[in-house]
Amino acid sequence: MDIRTFFERHRTVIVWIFRLIVGGTFIISGLAKMIDVWGSIYKIEQYLNVWGVPQPRSIVFFVALMLSGVEFILGCMLATGSYKRVSVWAMTALMAFMLPLTLYIAIDDPVPDCGCFGDFLVISNTATFLKNVLLVAMLVYLLFNNNKVSGLFSTYTQWLEGFLCVIYVAVIGFFGYSVQPLVDFRPY
C-alpha cells in the first residue's frame, strides 16, 4: 500500500486527528492568552518596543483581545468540524502570517519566548517555529480534505456553537482584564 492509498483509506480518522490537534492548539493558545489579557498586552508591547514601533495601549489591547478570541473561536470551530471551509481557510491565512513571523523570531531572537501560550506554556522561539510548520502541514491537508468529513453539528446548528464560543471567550476576557486572571500561570 502506498502513502496516497493509505491517506485516502483512512481519510476520516486522519481528518479528525488533525482537526483535534490543530483546533486544540488554537483553543489552548487563545484561551491561555484570554485568561491573562494583561500578560498578552505586555508581550505584544515587548515585541513592539524591540521593533521600535510603540503603539497606544488601546490598540494593543484591541489586538490582544481579537487575536486571542479569534484563535479560540477558530480552534473550537475546527475541532468540532463546524464551518469547515471558513475555519480552515481562516486558520491557514493566520498561519501564513505567523509562520514567516516565527521564522524571523527564531532567527533574530528579539524576545526570549514567543508568548504563543501566554505564561501557561513557555516554549522557545525555535520550538514555536517548528510547531507552526507542523500546524501548517496539517492545515494544508485539511484544506483539501476537511469538507469530505462531516462535523459534530449540522449546518443548521453550528451557529449556536459559534455564538456560545464568542460569549464564553468574551466573558473570560472581560474577567481577566477587569478583575484578575481566572488562573495565574506565573510561578510566583
Side-chain angles (χ1 to χ4, degrees), residues 11-37 39-41 43-44 61-102 105 113-123 127-155 157-177 181-183 185:
R11 176 182 292 137
T12 302
V13 173
I14 294 169
V15 165
W16 272 108
I17 289 171
F18 285 3
R19 280 179 183 172
L20 292 174
I21 291 172
V22 177
T25 302
F26 272 70
I27 289 169
I28 293 169
S29 175
L31 191 59
K33 288 186 278 195
M34 191 62 87
I35 286 173
D36 185 14
V37 178
S40 300
I41 292 169
K43 182 55 78 173
I44 292 171
F61 167 68
F62 178 76
V63 168
L65 281 181
M66 289 298 106
L67 181 62
S68 303
V70 165
E71 283 181 359
F72 178 79
I73 293 164
L74 288 175
C76 288
M77 297 298 107
L78 185 67
T80 60
S82 298
Y83 298 105
K84 289 182 271 218
R85 283 186 219 110
V86 172
S87 62
V88 171
W89 278 103
M91 284 182 158
T92 304
L94 183 62
M95 292 307 292
F97 172 76
M98 293 307 247
L99 188 63
L101 179 64
T102 56
I105 291 170
D113 71 279
C114 71
C116 298
F117 298 101
D119 287 326
F120 169 70
L121 179 64
V122 178
I123 58 176
T128 299
F129 173 70
L130 295 175
K131 168 194 64 93
N132 287 349
V133 168
L134 283 172
L135 291 176
V136 167
M138 288 185 260
L139 282 169
V140 167
Y141 179 82
L142 288 173
L143 278 172
F144 297 103
N145 294 289
N146 198 34
N147 288 336
K148 299 173 184 172
V149 177
S150 62
L152 294 179
F153 301 102
S154 72
T155 307
T157 59
Q158 59 190 358
W159 68 270
L160 183 59
E161 178 200 6
F163 176 74
L164 292 175
C165 285
V166 168
I167 297 299
Y168 177 76
V169 79
V171 167
I172 295 294
F174 176 76
F175 190 81
Y177 179 77
L182 288 172
V183 179
F185 301 117

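Side chains of Ile14 and Asn145 form no contact here, defined as non-hydrogen atoms less than 4.5 Å apart. A 4.5 Å side-chain heavy-atom check between Arg19 and Lys84 finds at least one atom pair inside the cut-off. Using a 4.5 Å cut-off on side-chain heavy atoms (C-beta onward), Tyr83 and Leu74 make no contact. With a 4.5 Å cut-off on side-chain heavy atoms, Val149 and Arg11 count as touching. Looking at Ile44 and Val63, their side chains come closer than 4.5 Å, going by heavy atoms from C-beta outward. A heavy-atom distance below 4.5 Å is not found between the side chains of Val88 and Asn147. Residues Asp113 and Ile123 form no side-chain contact, since every pair of their non-hydrogen atoms from C-beta on lies 4.5 Å or further apart.
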### Task
Take Leu135 and Met95 through the side chain to side chain contact (heavy atoms under 4.5 Å, CB included) test and state the conclusion after the steps.
CA-CA 8 Å; Leu135 291 176; Met95 292 307 292; 4.3 Å; yes
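In this structure a side-chain-to-backbone donor-acceptor pair under 3.5 Å is present from Thr102 to Leu99.
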Got a list of side-chain donor-acceptor pairs under 3.5 Å for residues 26-33, not counting sequence neighbours?
from  : atom 1 : to     : atom 2 : distance (Å)
Ser29 : OG     : Lys33  : NZ     : 3.4
Ser29 : OG     : Glu71  : OE1    : 2.7
Ser29 : OG     : Cys116 : O      : 2.6
Lys33 : NZ     : Glu71  : OE1    : 3.0
Lys33 : NZ     : Glu71  : OE2    : 3.0

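With Cys114 as the fixed residue, the side-chain contact (heavy atoms from CB on, under 4.5 Å) test singles out one of Asn132, Thr128, Val122: Thr128.
Sorted by first and then second residue, the ring pair (Phe, Tyr, Trp, His ring centres under 6.0 Å) pairs involving residues 127-154 (not counting sequence neighbours) are Phe7-Tyr141, Phe18-Tyr141.
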